[in-house]
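Beneath this line is the structure, given in structure tokens, with notes to follow.
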Amino acid sequence: MLVLKFGGTSVGSIENMINVKKIITDGQKKVVVLSAMSGTTNALVKISEYIKSGHPEDALIVIDALRNTYNKTIKAFITNQELYKTVFVYVNAVFNTLEALVNKPYDVLLYNQIVAQGELLSTFIFSHYLQQEGVSASLLPALEFMRIDKTNEPDNFYIQQNLNRIIAETPKSEIYITQGFISRDADGNIANLQRGGSDYTATIIGAVLKADEVQIWTDIDGFHNNDPRFVEHTKAISNLSFDESAELAYFGAKILHPQTVMPVSVFDIPVRLKNTMAPDAHGTLITNQVHGEGIKAIAAKDGITAIKIKSVRMLLAHGFLKKVFEIFERYETAIDMITTSEIAVSLTIDNTTHLDAIVDELNKFAVVEVDDYMSIVCLVGHAIIFHADTPNLFQILQDVSVRMISYGGSNNNISLLINTSDKVETLQKLQRYVFESGSVLV
Ligand code: ADP
Ligand code: ASP
Ligand code: MG
């Protein structure tokens, strides 16, 4: 069994959905996980933001525009009149439901209900397109088997039991289609796996079904050695280890949801990244094998807040760090980077929900400074801290102000904390220092 996930661009136009059909009709048994068509989830988020800020009339304008786009797409795509009628009724019922929600009081449950519609739409449309083309495929409703627990972790036992039950009850098929991203929470409400979560859906399903491979089909030919949105001449990496890709995804490489490889790495199930628009390109294969040496790739994560905690007494006195960490633990706030000196400790967080309360508590025994709009730039590769070429990266110290450096926390990762305003320059310069060291440095 294979699990193939297709992202927003892959299902975002008629041309690309035709490519998806070609890719999945190769005779192999598979679960196909679909994202929402590109732009849809962003539009749904916008709708919920307008509701939250008390502007239902603006929410209705976005709903209307989205409805028109979908109606145009299905008219051109679903040419069989009977199937078209079915799809038209479903799509317009979704938009009628959205319209009915705009005057409801805003809360997270309303948000979750709204953003779930994108994957429900794409899978309904695509499965009817397959039917029109004579491809037999069955729809597995994700809301009947995907569940997260009270700590927002996938409830693997529940998912396994229910997915297998639904597959057994569904007409036997070579292709099972399901929705990425969406799930239920522990109370049965509609929830999701956070933005970009369809990748995670695919590996959760891959793990519970013990798939032979999980394939993430997207709009680029694999994992690149730097962020192609900001840096020119980046290159696809043919092989990555689970650890390398986990670090890169966690530290901001948008191509993968941060938790993607976690469910499958324990079962040694490979993850292959492929380009829907260029299916013959090699892509990137992620396994437990380590290939190559030196720095493999660079990624950056925004939205980081740095907190410097200066002790009024001896910082590294016995028990001080324990006291600091206990505060972060109490407020369920994860720490990413940490550096210490004799009189201060600096650390970073990306969840600032409880920042004020944390600072109030720290202020009871320390002087606290907070800097926001920071980014972590992360360089990853097997055993890079020992590699002869690694020092090249420190030329970056001449160019931008580096607030923190984390070196040696693991052998495979070096992280720099910089101002977000310096991010693009940092990524571009590092590309030259690290990967194009033959070029003239300025
Ligand atoms: P999908 O909708 O298929 O899930 P995403 O937009 O989530 O696609 O991820 C693919 C995009 O990630 C690429 O188009 C690219 O702009 C961006 N990206 C950021 N960092 C990387 C990287 N290191 N390698 C490849 N793509 C990256
Ligand atoms: N549609 C969701 C999003 O845009 C999930 C995904 O694309 O993976 O975040
Ligand atoms: Mg994505």
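Whatever order the structure lists ligands and atoms in, that order sets their numbers, starting from 1.
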Check: At under 4.0 Å between heavy atoms, which part of S198 makes contact with ligand 2: side chain, backbone, both or neither?
Finding: both

Note to self: Heavy atoms only, cut-off 4.0 Å: how does H257 contact ligand 2, side chain, backbone, both, or neither?
What the structure shows: neither

Item checked: Nearest-option assignment for atom 17 (C) of ligand 1, heavy atoms, candidates M37, K235, R229, H224 -> R229

Note to self: Any atom of ligand 2 sitting under 4.0 Å from a heavy atom of G196?
What the structure shows: yes

Notebook entry, point to check: Below 3.5 angstrom, do we get any N/O pair linking D199 and ligand 2?
Noted result: no

Checklist line | F181, any N or O under 3.5 Å of ligand 2 N or O | finding: no

Next item on the list: Count the heavy atoms belonging to other residues, nucleotides or ligands that lie under 6.0 Å from CD of E57, then report whether that count exceeds 12.
Entry: yes

Checklist line | K46, NZ atom: more than 12 neighbouring heavy atoms under 6.0 Å | finding: no

Notebook entry, point to check: For the side-chain hydrogen bond (donor to acceptor under 3.5 Å, both in side chains) test, which of D371, D422, N419 pairs with R403?
Noted result: D371

Checklist line | N225 side chain to K235 backbone, donor-acceptor under 3.5 Å | finding: yes

Check: Does any N or O in the side chain of K274 come within less than 3.5 Å of the main-chain N or O of P279, such that one atom is a donor and the other an acceptor?
Finding: yes

For [atom], grab the closest protein heavy atom and report residue, atom and distance to one decimal in Å.
atom	value
atom 13 (C) of ligand 1	D219 OD1, 3.5 Å
atom 19 (C) of ligand 1	D227 OD1, 3.4 Å
atom 6 (O) of ligand 1	K254 NZ, 2.6 Å
atom 2 (C) of ligand 2	E119 OE2, 3.4 Å
atom 27 (C) of ligand 1	P228 CD, 3.5 Å
atom 9 (O) of ligand 1	I255 CA, 3.5 Å
atom 25 (C) of ligand 1	G222 O, 3.4 Å
atom 4 (O) of ligand 1	K5 NZ, 3.0 Å
atom 7 (O) of ligand 2	S35 OG, 3.4 Å
atom 1 (P) of ligand 1	T218 OG1, 3.6 Å
atom 3 (C) of ligand 2	R195 NE, 3.3 Å

Check: If you measure every N/O of D199 against every N/O of ligand 1, is any gap under 3.5 Å?
Finding: no

Note to self: Geometry only, no angles: is G8 polar-contacting ligand 1 at N/O separations under 3.5 Å?
What the structure shows: yes

Can you find a pair of side-chain heavy atoms, one from [X] and one from [Y], that are under 4.5 Å apart?
X	Y	answer
T41	R195	yes
T203	V261	no
Y70	V94	no
T201	I204	no

Next item on the list: With heavy atoms only and a cut-off of under 4.0 Å, state how L248 meets ligand 1: side chain, backbone, both or neither.
Entry: neither

Margin query: Can you see whether Q431 engages H233 through a side-chain donor-acceptor pair at a distance of less than 3.5 angstrom?
Written below: no

Check: What atoms of ligand 1 come within less than 4.0 Å of a heavy atom belonging to F223?
Finding: 23 (N), 24 (N)

